[in-house]
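Since the structure comes first, as structure tokens, the remarks are kept for the end.
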Amino acid sequence: MSTPTPPDGTPAHSTTGLHDDDMVGIPIYESVGDDWSDIAAEAARLGEERIVVNMGPQHPSTHGVLRLMLEIDGETVTEARAGIGYLHSGIEKTMEYRTWAQGVTLCTRMDYLGPLFQESAYCLAVEKLLDVADDVPERASVIRVLVMELNRISSHLVFLGTGGNEMGATTVMMLAFEAREDVLKVLEAITGLRMNHGYVRPGGVAQDVPADIVTYVRSKVANVRKYMRGLEDLMLENPILKLRMKETGYLSMAACMALGVTGPLLRATGLPYDVRKTEPYCGYETYDFDIPTATEGDNYARMMVRIEELYQSLLLVEQACDRLEATVGAPVMIEDKKIGWPAQMSVGPDGQGQSPENVKRILGTSMEGLVHHFKLVTEGFRVPPGQVWQTIEHARGTMGVHVVSDGGTKPYRAHFRDPSFNNLQATAVICEGGQVADVVVSVASIDPVLGGVDR
Amino acid sequence: MSEENSIQTPPRGTVVKADGPPLLEVVDVRHGMFGPAGSGDTSGYGGLVTTVVLPGPSQRPYGGWFDEVVDVLAEVLDEGPGYDAAVEAVVIDRGELTLHVVAEHLVTVCQALRDDPDLRFELSLGVSGVHYPLDEHRELHSVMHLVSVTHGRRLRVEVSVDDADPHIPSTTSVYPTNDWHERETFDFFGIVFDGHPGLSRILMPDDWAGHPQRKDYPLSGIPVEFKGATVPPADERRAYR
């Protein structure tokens, strides 16, 4: 497609622009960088009219600091490449110099829309490495399932909201974020924080849920259902949304397998692959839920899969609530005092802090207990040498954690296979040959979170 | 690490191959327990020497489906380079199967793992690296995790190379998904994946010097304002060993 030129030969711009003769004495600013000069040189060599658009890293539709390099011909994208690394913060390296328990605080900051997934995956890996996976109390696993599914809901709601916003539907964003607010309130009630929780710990969770949490969760789940119905009414039959999402950003099942793309993108091609079913963890095999799929493999199918997943997650949250009611008072941290974090938090008049009863008990009853507490907090626990690989179903796909121990108090190596890092590789496949406007929708349908991509 | 710190006796789990370097699982030898090295030791713990050994090669039967997978793989590989030439060791640890593969046969092994209908490890979950500075001539390990959606199995393929010649054939021809993962491993460990379509840094800036995830990568300290002092780098601070 080329710019239409009126018959009289004048260019179809609102201003005619300057001629070369008028430019004398006017300073010209050019963007010059390593790769840009290469691109410019290559374009000059080819002698073709070629436009390379640098979309991002500061662009509202790239979900963070993703840089998209688009070669466009008119409105058609002929090449699309993703540039990442702008948010790299060396979390994996930092983890090698902090204790195993402190690792939770670090990995929760990777994918900031799915902090509880990283925490749970990391803790499951550490427990596997310690060979105590079977000793984690049932109530702790139930709480993990509860917070992970709540996190999946909040993450998918951000996908729906920002995805809608990028297509110009601000109301969709308002509704989705209001619903997310309800989920975050629940997470705040349980963990004390809205994000970067640091709640799931090796051996269990940091503390038990508040006494009245089940009632609270149920009321919020009802709210989320109400918002979801509103969102569905707004979105699903909207002709503009259907035009923009249907038959755009197509990715086949074969392409997904080759590119290692998992999660809603893979399930939207018809393969019900979900780690919660194939390699269950935290007792997912005992819950009753379905794996939603679609067959079209386009942007609309991915959205539908996520909406269905949201409902399945709500079902899981309700089932977890039932189990919480049945296990009131059961331990939430492993019995082994050499691993289990002994701290207890409580909410006092000046906010959340150490529970005075717990401090009194440790200080007042046992010198040995105090020494143990001190050693566990300063030295941490030692993990036998070896390596493990733990996968969980993240909101964005399969998250893998590779942890290596050298028998010390710190991870020798911790690697996180972040699903959005891998899935972003599909950018070229789903964007090339489409319109520039489709790039925004297609990249949004990958649902990348750059904090996780760059780590 | 000075000469006196080198390993005196072959540790448990060490397997010496007839040809080639010994398959060492020693990843570290630690001295003392806490605090800075080289200062006066008042605790008595300073004389503590701990040899860190990773789980060594397993003997048959491996248990479960592990035997079947290794048998089928051996059958397929014996038509080509031969199982013994391609697979150095099989490690079963914590219910996970690890195949230690010789670098030059990595692509053949991956091809067999992906294409044989009885193996069918069709999904790669990526490549990452681990740096073991004390594992002589095998300092850099590249670790790949494969999943068989068909059979519901998963295994790990580990390749070790010499730090002086860190070349591993790229597996992007078999698993295109490894593209970015191999770039990341190159970026962080300096492992060169031969045959990769565009091996460049991915997370660090293009002009960055060094490979940050290596254990010998220098860490910087933090200058303390007003005092002229420096908080030592993380690996030189007092810490439990």
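As the structure is a prediction and not an experimental result, all values here were calculated from the model. To find a chain, count down the sequence lines: A is the first, B the second, and so on, and within it residues start at 1.
- Contact count versus chain B (heavy atoms, under 4.5 Å) is highest, among A:K128, A:K410, A:R98, for A:K128.
- Ring pair A:Y281/A:Y284: centre-to-centre distance below 6.0 Å.
- For B:P176, the parts lying near chain A are the backbone and the side chain together; criterion is any non-hydrogen pair under 4.5 Å.
- Note: A:M110 CE to A:M399 CE = 7.0 Å, rounded to the nearest 0.5 Å.
- Contacts of A:F421 with chain B are made by both backbone and side-chain atoms, with heavy-atom separations under 4.5 Å.
- Most heavy-atom pairs under 4.5 Å with chain B: of the set A:V453, A:T391, A:L271, A:T262, this distinction falls to A:T391.
- If you measure heavy-atom distances from A:Q387 to chain B, the contacts under 4.5 Å come from both the backbone and the side chain.
- In this structure, no portion of B:R201 lies under 4.5 Å from any heavy atom of chain A.
- Side-chain atoms of A:N422 come within 3.5 Å of backbone N or O of A:L259 as a donor-acceptor pair.
- When heavy atoms are compared at a cutoff of 4.5 Å, A:T94 does not approach chain B at all.
- Not a single donor-acceptor pair under 3.5 Å links the side chain of A:H415 to the backbone N or O of A:E92.
- Relative ring orientation between A:W389 and B:H145 is described as parallel, the plane-to-plane angle staying below 30° on a 0-90° scale split at 30° and 60°.
- Around atom NZ of A:K375, more than 12 heavy atoms belonging to other residues, nucleotides or ligands sit under 6.0 Å away.
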Pair B:E182-B:T172, side chain to side chain donor-acceptor pair (under 3.5 Å): steps then yes or no: CA-CA 8 Å; B:E182 286 181 356; B:T172 45; 4.6 Å; no

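- Contact annotation for A:D454: both backbone and side-chain heavy atoms come within less than 4.5 Å of a heavy atom of chain B.
- Contact count against chain A (heavy-atom pairs under 4.5 Å) is highest for B:I202 among B:N178, B:D187, B:I202, B:D93.
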Verdict with reasoning, B:H141 to B:Y132, per ring pair (Phe, Tyr, Trp, His ring centres under 6.0 Å): CA-CA 8 Å; B:H141 290 221; B:Y132 299 107; 4.5 Å; yes

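- Interface residue A:L424: backbone and side-chain heavy atoms are both found under 4.5 Å from chain B.
- Only the side chain of A:E96 comes within contact range of chain B, judged by heavy atoms closer than 4.5 Å.
- Nearest heavy-atom pair, A:F381 versus A:W100, reported as atom, atom and distance to 0.1 Å: O-CD1, 3.4 Å.
- Taking the six-membered ring for Trp and the full ring otherwise, the centers of B:Y175 and B:H181 sit at least 6.0 Å from each other.
- Residue contact with chain A, scored on non-hydrogen atoms closer than 4.5 Å, is absent for B:V174.
- Only the side chain of A:V404 comes within less than 4.5 Å of a heavy atom of chain B; its backbone N, CA, C and O stay farther away.
- Of the possible donor and acceptor atoms, one in the side chain of A:K93 sits under 3.5 Å from a partner among the backbone N and O of B:R214.
- Looking at A:P384, both its backbone and its side chain come within 4.5 Å of chain B, counting heavy atoms on both sides.
- Residue A:A254: no heavy atom, backbone or side chain, is found under 4.5 Å from chain B.
- Neither the backbone nor the side chain of B:R114 comes within less than 4.5 Å of any heavy atom of chain A.
- When heavy atoms are compared at a cutoff of 4.5 Å, B:H131 approaches chain A solely by way of its backbone atoms N, CA, C and O.
- Interface check for chain B: of the options A:E379, A:H402, A:R382, A:M257, the most heavy-atom pairs under 4.5 Å are formed by A:E379.
- Between A:Y122 and A:F416, the ring planes lie parallel to each other; the angle is under 30°, not in the 30° to 60° tilted range.
- Proximity to chain A involves both the backbone and the side chain of B:Q213, based on heavy atoms less than 4.5 angstrom apart.
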